[in-house]
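Values below: all heavy atoms of this structure, side chains included; hydrogens, waters and symmetry mates excluded.
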Amino acid sequence: MTRLHSSLLGLALFVLPLPVAAQGIVNVVVDGNELRAGISLPGGIGADLEIGFEQVSGLTPQSVGLSATLANLLDPNLLSRLGVGSLVGAFPVLLRIEPPADGGLSFRGVASISLHTHNLDYIPGTPLRIFAAPLGGRFEDITESVGKGSYRCRGRKGSFSEFLILADLRPVRLAVAEKLDRLDRVLNDNAGSIDPAVLDDLTALASQIRSAWAAGQKQQAIAKTDAFLALVQANSGTAIPDVWRSTHDTVNAAGLLRAAGETLKFSLGLKSNLLGLF
């Protein structure tokens, strides 16, 4: 298969309708706190997948619930889950990580999901990002880093879901605004499970991040995000619940907050996207 470049022409070629394939996971290996697998789908479409944990229990090839299918990136149902017209399908693979309830998987903190594919090229300023969504829900950018070789991306999660690689053609300021709102939402949604004093400190830091960004103080916003992340991590497992279980009987508030903060920090550090917009 000819390598597809991260250009608008390449993106346009990659949104052609494609048939849905069967599960496409191969060569699954568990090594300590990490699971590695290959994604192999018709047409030479593939990727290397790594899922890493800080602390994990019950990690087996079966307990993770992996599957990958070819996605029709022009499917109206899928497009409606992207939320805005500036998100463009870039890689026709829908990855699902849906651990079975009786599989015994649990972890603390965040899980990192890394994808590496030769079907895409990395170029500086690439708009390619990794997005995640609850099953059937809206996709959100969770990117924590991108890199070359040919294209690599990594995101962090406090839970599991569906994943897509998309091209985010929005101005960076809009991506940051969305992630600032997400951080506030995650904090508000989990306020009842966080120690009140810690919650007050986190709320103040979230407000300071927003204020610094609005004032054009990018480095100050990044520094406050680092402080937010450090405070969450320092209180994980004590003042903030930090366990995810496949039985879904607890909410990993610390993992959700850290994942939201990490992807916000990524966007705060961007200069511009591929189109030079800000």
Side-chain angles (χ1 to χ4, degrees), residues 52-55 83-84 107-114 129-134 137-146 153-161 168 170-244 250-273 278:
F53 302 90
E54 296 170 327
Q55 296 181 48
V84 296
F107 70 90
R108 288 185 175 272
V110 290
S112 63
I113 296 91
S114 301
R129 307 282 183 261
I130 180 170
F131 279 68
R138 182 177 178 272
F139 281 92
E140 295 181 320
D141 179 9
I142 65 163
T143 310
E144 185 260 340
S145 67
V146 297
C153 58
R154 181 174 66 192
R156 298 187 190 275
K157 290 284 289 178
S159 60
F160 290 111
S161 53
D168 188 351
R170 297 173 297 174
V172 173
R173 59 180 172 79
L174 294 185
V176 170
E178 180 184 278
K179 292 182 182 184
L180 286 168
D181 290 344
R182 188 191 314 170
L183 189 67
D184 287 343
R185 184 177 72 245
V186 174
L187 195 56
N188 291 335
D189 288 349
N190 293 278
S193 66
I194 300 174
D195 176 85
V198 175
L199 176 63
D200 287 345
D201 290 341
L202 290 173
T203 301
L205 281 168
S207 178
Q208 291 164 19
I209 296 167
R210 185 182 290 275
S211 296
W213 174 256
Q217 300 169 341
K218 177 188 291 190
Q219 294 307 315
Q220 180 72 355
I222 292 173
K224 292 296 183 181
T225 304
D226 282 335
F228 183 98
L229 291 168
L231 184 59
V232 173
Q233 194 156 5
N235 288 278
S236 294
T238 53
I240 310 174
D242 71 339
V243 176
W244 182 94
T250 185
V251 176
N252 180 8
L256 296 173
L257 288 168
R258 288 175 60 194
E262 289 286 0
T263 192
L264 171 60
K265 182 180 175 181
F266 169 81
S267 291
L268 288 171
L270 294 175
K271 293 182 179 180
S272 63
N273 62 18
F278 190 86

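The CD1 atom of I209 lies 6.0 Å from the CZ atom of F228; values are rounded to the nearest 0.5 Å. Atom SG of C153 is separated from atom CZ of F131 by 11.0 Å, given to the nearest 0.5 angstrom. Within the model, atoms CZ of R258 and OG1 of T263 stand 14.0 Å from one another, a figure rounded to the nearest 0.5 Å. Going from atom CG of D201 over to atom CD1 of I194 covers 11.5 Å, rounded to the nearest 0.5 Å. One finds the OG atom of S267 at 13.5 Å from the CZ atom of R173 (value rounded to the nearest 0.5 Å).
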Side chain to side chain contact (heavy atoms under 4.5 Å, CB included) between I113 and K157, intermediate numbers included: CA-CA 8 Å; I113 296 91; K157 290 284 289 178; 3.9 Å; yes
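With sequence neighbours excluded, the residues satisfying side chain to side chain contact (heavy atoms under 4.5 Å, CB included) with R108 are Q55, D242, V243. In terms of the side chain to side chain donor-acceptor pair (under 3.5 Å) criterion, residue partners of Q208 (sequence neighbours excluded) are, by chain and number, K224. Evaluation of the side chain to side chain donor-acceptor pair (under 3.5 Å) rule for Q220 yields no partner, not counting sequence neighbours. Remark: E144 pairs with R154, R156 by the salt bridge (charged side-chain N to carboxylate O under 4.0 Å, His left out) rule, at least two apart or across chains. With sequence neighbours left out, the ring pair (Phe, Tyr, Trp, His ring centres under 6.0 Å) criterion links F160 to F107, W244. Residues meeting the side chain to side chain contact (heavy atoms under 4.5 Å, CB included) test with V251, sequence neighbours left out: N190, L256. Not a single salt bridge (charged side-chain N to carboxylate O under 4.0 Å, His left out) links D189 to another residue, sequence neighbours left out. Taking D184 as the reference, R210 meet the side chain to side chain donor-acceptor pair (under 3.5 Å) condition, with sequence neighbours excluded. Applying the side chain to side chain contact (heavy atoms under 4.5 Å, CB included) test to T203 and every residue at least two apart in sequence or in another chain returns L187, L199. Applying the side chain to side chain donor-acceptor pair (under 3.5 Å) rule to T225 yields no partners; only residues at least two apart in sequence or on another chain are considered. Annotation: salt bridge (charged side-chain N to carboxylate O under 4.0 Å, His left out) contacts of D226 (sequence neighbours excluded): K265.
Scanning all heavy atoms of the two residues, the minimum distance from S193 to A253 falls at OG-CB, 4.1 Å. Considering all non-hydrogen atoms of both residues, V146 and R129 come closest at CG1-NH1, 4.4 Å. Contact detail for G158 and A259: the closest heavy-atom pair is N-CB, 4.2 Å.
Side-chain atoms of K179 do not come within 3.5 Å of backbone N or O of I142 as any donor-acceptor pair. A side-chain donor-acceptor contact under 3.5 Å links T143 to the backbone of I130.
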List the atom pairs, with distances to 0.1 Å, where a side-chain N or O of residues 229-241 and a protein N or O form a donor-acceptor pair under 3.5 Å, not counting sequence neighbours.
unit_1	atom_1	unit_2	atom_2	d
N235	ND2	L231	O	2.9
S236	OG	V232	O	2.7
T238	OG1	N235	O	3.0

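Using a 4.0 Å cut-off between a side-chain N of Lys or Arg and a carboxylate O of Asp or Glu, E140 and R185 qualify as a salt bridge. Of the charged side-chain nitrogens involved, at least one lies within less than 4.0 Å of a carboxylate oxygen, so that R182 and E178 count as a salt-bridged pair.
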